Protein chains: 2
Amino acid sequence: MIVGRSFLATFTNKIDSKGRVSVPAKFREILEAQGSRALYCRASFVAPAIAAGGADWMATLTQLVEGHDPSSEMHDDFAYTLLGETIELTFDPEGRVALPDELVAHAKLSEAASFVGLGGYFEIWEPRALEIRKIQARRAASERRGLLRPKIGGAA
Amino acid sequence: MIVGRSFLATFTNKIDSKGRVSVPAKFREILEAQGSRALYCRASFVAPAIAAGGADWMATLTQLVEGHDPSSEMHDDFAYTLLGETIELTFDPEGRVALPDELVAHAKLSEAASFVGLGGYFEIWEPRALEIRKIQARRAASERRGLLRPKIGGAA
DNA sequence: CCATGATTTCCCATGATATCCCAACGTTGC
DNA sequence: GCAACGTTGGGATATCATGGGAAATCATGG
């Protein structure tokens, strides 16, 4: 369950020649509210995107690891994946972060990056790839609009 | 639950002709925050790797030993293994340590070493061996993606 | 107790990288 | 139009990883 404010909407910013991007101010606000001076990032398992979040999100990752018996195989698998492959990025005074090459490659980023809020975390996409993904998601969601109607006002 | 900052991400550094490696600055920061001027190391039980940590990690090892009745066999077994086979390495002014031959042999290190953060401690691997282990870990974690999906971004 | 060789520790130099700082510009709202 | 804010750009600065020589330390045998 998401407690504080959640990451919403999509923002697109440029990536400069040094590999820096401004994290949207709206997102930075939420991160600061979590008391995290840093941004935690990892390659998405399923999408050509970077999953990112603040201290709260990192805490859930940590809990997933610690929720298993330390001597179990599953604990180690989660640890190598969720801890060993998640990096901590720090902000410059202007609110930018420098994305490491591996993550840039995974998300196929070049000139710009789109930040899409997904509640407790957000993702960083190549803008065009995100557009395509959104169109697909919209269509799929609309086919299931019956699931939304009873709960969401004016749905579908 | 981990209290202070935890070891995250993976860094790969060279081993020079004198057997020295730079411990990643991010990791050294955490060690210093623990007030440990030294690095504690031991051969991993399950992997061809070196397990390492700071004062906090060493404290947990010590507690494992002291948690048993001093007259019990278990106490001695733990003591010989956890205390008797853990060594204390000191940093040179540039933040490097010299890995002893036994540990180098155990982890089959040669030109470079990868430091993978695992929360309260980290491991030192032969870079290629770690890559293989990570791929396996990712696959295993992904098969249990049901555990991840609701919480992590782009999970599984 | 000293001499010796081997090892370790320190110190400095060097690129490469990352970080900071300052400035400019477009938007938005007053 | 002006002020505040967020984004963008680029030069200056600091930090980090790395390599190698010099000095100090240690273990050993005489």
Side-chain angles (χ1 to χ4, degrees), chain A residues 5 7-33 36-41 50 52 54 87-105 109-117 122 124-127, chain B residues 5 7-33 36-41 50 52 87-105 109-117 122 124-127 130:
Chain A
R5 289 173 53 201
F7 298 104
L8 287 181
T10 300
F11 304 89
T12 300
N13 288 334
K14 284 190 187 172
I15 300 177
D16 69 18
S17 57
K18 292 182 181 177
R20 297 176 297 189
V21 240
S22 281
V23 174
K26 284 251 174 72
F27 286 6
R28 288 203 311 262
E29 253 177 51
I30 299 174
L31 294 172
E32 283 162 26
S36 76
R37 205 175 61 271
L39 180 67
Y40 299 93
C41 296
I50 302 167
I87 62 173
E88 182 183 328
L89 301 182
T90 55
F91 292 96
D92 74 6
E94 286 77 33
R96 292 173 286 196
V97 292
L99 298 171
D101 294 341
E102 306 138 33
L103 292 181
V104 166
L109 301 177
S110 54
E111 295 162 28
S114 288
F115 296 73
V116 53
F122 58 89
I124 305 172
W125 285 71
E126 200 290 314
Chain B
R5 286 176 54 204
F7 297 104
L8 285 182
T10 300
F11 305 90
T12 300
N13 288 334
K14 285 189 187 170
I15 300 176
D16 69 17
S17 57
K18 293 181 182 178
R20 298 176 297 188
V21 242
S22 282
V23 174
K26 282 249 171 75
F27 286 7
R28 289 201 312 261
E29 254 178 51
I30 298 174
L31 293 172
E32 283 163 24
S36 73
R37 206 176 61 271
L39 181 67
Y40 300 93
C41 297
I50 302 167
I87 61 172
E88 182 182 331
L89 301 181
T90 56
F91 292 96
D92 75 6
E94 286 76 33
R96 292 173 287 198
V97 292
L99 299 171
D101 294 342
E102 302 155 28
L103 292 181
V104 167
L109 300 177
S110 54
E111 296 164 25
S114 288
F115 296 73
V116 54
F122 58 90
I124 305 172
W125 284 70
E126 200 289 313
L130 177 61

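Within every chain, numbering begins at 1; the chains are lettered A, B, ... in the order of the sequence lines, protein sequences first and strands thereafter. Being a predicted model, the structure only gives us computed values, none of them experimental.
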> Pick the nucleotide of DNA chain D nearest each of Ala25(B) and Ser17(B); which residue has the one closer to the 5' end?
Replying inline: Ala25(B)
Length of the line joining [X]:[atom1] and [N]:[atom2], which is rounded to integer Å:
| X | N | atom1 | atom2 | value |
| --- | --- | --- | --- | --- |
| Lys14(A) | dT7(D) | NZ | P | 13 Å |
| Asn13(B) | dT15(D) | CG | P | 19 Å |
| Leu99(A) | dA18(C) | CG | C1' | 14 Å |
| Asp16(B) | dG21(D) | CG | C1' | 13 Å |
| Phe91(B) | dT8(C) | CZ | P | 17 Å |
| Asp101(B) | dT8(C) | CG | P | 8 Å |
| Asp92(A) | dA23(C) | CG | C1' | 14 Å |
| Glu32(B) | dT15(D) | CD | C1' | 13 Å |

Any donor-acceptor N/O pair under 3.5 Å between [N] base and [X] side chain:
| X | N | answer |
| --- | --- | --- |
| Lys18(B) | dT9(C) | yes |
| Glu94(B) | dC11(C) | yes |
| Arg96(B) | dG19(D) | yes |

>> Check the orientation of Phe27(A) and Phe122(A). Use parallel for under 30°, tilted for 30 to 60°, and perpendicular for over 60°.
In response: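 Plane angle between 30° and 60°, so tilted.
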>> Quick check against the 3.5 Å criterion: does Ser36(B) have a side-chain atom that pairs as donor or acceptor with the backbone of Leu31(B)?
In response: yes
>> Nearest to the Pro24(A) side chain among dT7(D), dA17(D), dG19(D), which nucleotide is it?
In response: dT7(D)
> For the side chain of Arg20(B), counting heavy atoms from C-beta on, which of dG19(D), dG10(D), dC12(C) is nearest?
Replying inline: dG19(D)
> Does Glu29(B) come within less than 4.0 Å of Arg5(B), counting only side-chain N to carboxylate O?
Replying inline: yes
>> Over all strands shown, is Ala98(A) touching base, sugar-phosphate only, or nothing at heavy-atom distances under 4.0 angstrom?
In response: nothing
>> Ignoring hydrogens, what is the shortest heavy-atom contact between Cys41(B) and Ile50(B)? Give both atom names and the distance.
In response: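 The answer is CB-CG2, 3.9 Å.
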> What closest approach, in Å, do Ser22(A) and Arg96(A) show between heavy atoms, and which atom pair accounts for it?
Replying inline: OG-CG, 3.4 Å
> Watson-Crick or G-U wobble partner for dG21(D), using a 3.5 Å limit on both distances?
Replying inline: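 Partner of dG21(D): dC10(C).
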